[in-house]
Each structure stands twice: as structure tokens, then as C-alpha cells.
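Note that the structure is a prediction, hence the values are computed from the model and not measured. Within every chain, numbering begins at 1; the chains are lettered A, B, ... in the order of the sequence lines, protein sequences first and strands thereafter.
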Amino acid sequence: MTTNAQVNQDGQASVDLDHHGADFRGAPYEFLRDIRSKCPVAHSSEHGGFWILTDYDSVYEAARDDDLFSSAVSVGIPASGTPFPILPIETDPPETQQLRAITLPAFSPKSGKALRPGMHEIATELIDAFIESGSCDLVKDFTTPLTARVLLRMMDFDESTYESWVTRVHSAVHDRARDLDASMEATGSMLNELAEHMELRRDREPTADLYSRIVHGTLNGEPLNETEIVMYGLLMMFGGMDTTSGFSANVFVKIAREPELRARLLADTSALPRSTEEFLRFSTPQIGLARSVTRDCEFKGQKMSEGDMVLLSWAAANRDPEVFENPEELDLDRVNTKHMTFGVGAHRCLGSNLARDMFEVMLEEVLTRIPDFELVGEPVLFADAAEVYAFNSVPITFSPGQRSDAV
Amino acid sequence: MRVTVDQSHCQGHALCEGMAPDVFETDDDDGRARVLVDVIPPDRESAVELAASSCPERAITILA
Ligand code: HEM
Ligand code: SF4
């Protein structure tokens, strides 16, 4: 691993970093630690050039300064390439707050709690399908279908179509670098389906489901137009699935590899919810997202120019030794829970409460029903750590158990 | 001890509600946090301090 992180005589900091590359994916935290320790605000010439912020203070400050660091261009480096901005993530205040207000009530802690029985129901059904066999793929057979089905349920879409949504979301996100046509086709197909659902809901009375809220949403006093509606709908599918599924998979792999951790969690399952925040800090599935600089400026001693892209690394901030003691250790007794796994500022994750609920339900169900699960071979990461740094396939074996409806 | 939530900074992340649901509640309509009690009971002061220091927007202010 080498980043060549350095500051030249003129005080300009530079690194060699391709966050989409195989090297980075192999050891992202080593890269991030090295960069942070040498020059926490540094420039890479990859992907058309971009800055990366790796210390907590810089990430925090930039994320809260939407005036200087805009989300409107793209939150990806290179840019996401969708034909229209994805809402509300590729907007700036005051539009951001107005757009968030449309769905905020559906993402409140209360709404999440109300969905929990349904999450347990889905989990039970999914585990029933494989528990007698003694083996499964924890991601493909459990975390992915659960998160996708919960989101479709919230949207009031047909839950049984989850596989087609999962396939298209994966193609849209992960084929972008390898097969652009396939990626565009998947995005187009989802937008068409979202448009059909929009037509169905338009003339009906507004209901409390997520998509009806969006279809009947307003911006600056005007109803959202069709493009805005489908681009908002698209983010519901993009934002919620692989992040939550992948995060949970990261935690399951950690548990499988650390007998002491497993013993501790099994000893007192009532203490599980208290561990959520530290797991989130440690196993964050989202390495970082981008902003663009709106005017020439000096930020933390570095000269930035209007239009420069900047990657805010939540994952690096989460392990800043200035803020977290022994940051590379998972410490379930840690009191400091100020991780940035969900970002910070105006765009902080809308789904954070929902993600916690889904994770806690999945953790509880797995530890209760297949507590002795073991990895079979090496689990497989998503191809591109810059999109999702998480496992996408986790084959396991366990002592076969009984279906919940067995008599 | 009293506590206020700056409505212009609060983004409705509800970390405060998670830590002290008897003191903070996010509004059903606008999603922002409201303070439910006037004076914080002494045995809840530490929970409120924790909530204030955890708020990602630094929207919670403790008044002595
Ligand atoms: C562990 C799981 C999750 C992680 C790590 C995560 C991470 C993030 C991050 C870092 C942001 C900030 C974006 C930025 O600053 O540019 C964000 C925004 C967002 N997330 Fe999540 N997320 C998760 C789960 C979810 C879920 C379940 C949903 C539900 C649909 C969701 C929906 C959104 C939306 C809509 C935004 C955009 C908010 C805005 O632009 O104002 N996320 N997420
Ligand atoms: S934690 Fe802060 S931002 Fe979140 S709801 Fe409470 S006061 Fe608002």
C-alpha cells in the first residue's frame, strides 16, 4: 500500500488515490489512515482530479457548509451520470430541507418502531426458507431481501417483485464503470416503473406510504413535477438497500471471525441495541460522498478552486484518533457515538432510524435462530468500495433448526 | 437544568429522542425535535447532556 501522501515546498498536499480501485478496496482503512496522518486535506489527480478530506474536523466543517461545498453537481466522483439530479441528495438548501420535509415523518423513530413487527415477520419467513438446510448466503438469502422488501412495503409497491428491484439497483450502481449501457438500461427501467406507479397514485387521495407522500409533495409551493417525483423515488431504492444490507453483512462477518464478540452478544441479547452505534462507526458501508466547491477559497491551508470536487470521507472521520480513542478497535462500551456513518449537516441520512431498526431486527433474528453460524470460505466484497464498502456474498453453515411453523 | 433545541439547526435526526425520549420528541409533521419538559428532572440530566453532545447539528443548548 502506498499513497505517496506528501506536502510540497509550497504547502500543497497531494496523494495517489483511486478510491474505485482494487488496491483501495483491499485495505481502505490503511489508505485513509496514511493520508490522514500526513495530510488530511489532499489532492489526487485521479478521476479528473479531486480533494479528499480524511480528518473529523474537516469532514464535519465541509458537510455543514453547503454554501461553499455544494451537493448540486454530484455526490459521486466521477459524477453519478443520471440524466437528472437525484432528489434530495443532489440539491442544496433551502430546497434540500423542503424536499426532506416531504418524507421526514415516514422516517421518524416512531415510524421505524411501528415497522418492526413487519420486519420480524419478513425475517422469520426468510430464515424459515433455509433453516432446515443448515446453510445459506447471509446476504443473498437474508439481508438483501429483507431491506428490499421493507422499502417496497414502505413505498406500497408489490413486495414480491423485490428481486427485480435488487437486480436493477445493482446493475445501475455497479455496472457504471464496466458496462455503461447495462447501467443506463437498469436506471431507465426503474424510472419507467416509478412513472407508472406515479400515474396510479396521482388521482388518488394522498396516503401515508412513502411514494404517495412524494407524488403529492411540493417544492417552493408548486407540486413536484414528474421528473422530480421519479428521481426522488429512485433514491429511496438506491439509498436504503445495499447500505443497510451491506452494513449488516459487515457486522455478521466480524461476529463470525471473533468468538469473544459473539459470546458477549449472545450472553445478553437485551444489550444488543446499545451496540448499534459502535457497529455503525466501525463497519460503515459508505466510505465517503462528494461536494463541489462553489468559489475559489482556502480550506484548511489548501487552495481550492471553484468547481473542484471534494470527497468527504465519513469512514476516515470515524477513525480519527483525535476524536475516538483506539479508533481501529471495535469497543462496544465506547461512550462517544458521534460517528459520521450517516453523514452530517443538511443531507444527513433520512433513513438512519429505519436502518438502525432493520439492522437490530436482523441481528436479533440471526443470533436467536442460527447463533452458531460459521463462514464457508471467504466472504466476497462488492466490486467497488467507493460505492459500497461491504460484503455482497457471505456463505455460511450452521446447525439446522426448525421452521417457526413446525409442529 | 433547562434545555432548548435550535429549530433552525435541528435536522430531525432524532438522536436526542433515542437517548432521552421523555425529554425530546420529534414532531410528526416537520420532523424537528421539541423539548417536552420545562425543567429537566435531576436524574435525567446526564441523559440530556449525552443527547446534547451527540446532536450532529449541535442544535441542543443546555441552560443552567
Ligand atoms: C447503514 C445504512 C445507511 C447508511 C450508512 C447511509 C448513509 C448515508 C449517508 C452518508 C448520507 C449522506 C449523503 C450526503 O451527505 O451527501 C445518506 C443520505 C441519505 N440516505 Fe442513507 N444510509 C443508510 C440507510 C438508508 C436507508 C435505509 C434509507 C431509506 C430510504 C436511506 C435514504 C437516504 C436518503 C434519502 C438520503 C439523502 C438525504 C438528503 O439528501 O437530504 N439511507 N445516507
Ligand atoms: S439530535 Fe439534534 S438534530 Fe437530531 S433531532 Fe435532536 S436536536 Fe434535532
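- Scored by the side chain to side chain donor-acceptor pair (under 3.5 Å) test, A/Asp92 finds A/Ser70 as partners (sequence neighbours excluded).
- Between A/Arg348 and B/Leu15, some side-chain heavy-atom pair lies under the 4.5 Å cut-off.
- Using a 4.5 Å heavy-atom cutoff, the side chains of A/Val335 and B/Leu50 are in contact.
- To the nearest 0.5 Å, atom OG1 of residue B/Thr26 and atom CG of residue A/Asn353 are 7.5 Å apart.
- At distances below 3.5 Å, at least one donor-acceptor pair connects side-chain atoms of A/Lys338 with backbone N or O atoms of B/Ser53.
- Looking only at heavy-atom pairs under 4.5 Å with chain B, the residue among A/Ser108, A/Ala101, A/Ala63, A/Ala346 that has the most is A/Ala346.
- Open room surrounds CG on A/Asp67; 12 or fewer heavy atoms of other groups in view lie less than 6.0 Å from it.
- More than 12 heavy-atom neighbours from other residues, nucleotides or ligands sit within 6.0 angstrom of CZ on A/Arg116.
- Remark: B/Arg58 CZ is loosely packed, at most 12 non-hydrogen atoms of other residues, nucleotides or ligands lying under 6.0 Å away.
- A salt bridge links B/Glu25 to A/Lys110: at least one charged side-chain nitrogen sits closer than 4.0 Å to a carboxylate oxygen.
- With a threshold of 4.5 angstrom between heavy atoms, A/Tyr60 approaches chain B through side-chain atoms but not through N, CA, C or O.
- By the 6.0 Å contact criterion, CD on A/Glu325 is open, its count of non-hydrogen atoms from other residues, nucleotides or ligands being 12 or less.
- Between A/Arg64 and B/Glu57 there is a salt bridge, with a side-chain nitrogen of the basic residue lying less than 4.0 Å from a carboxylate oxygen of the acidic one.
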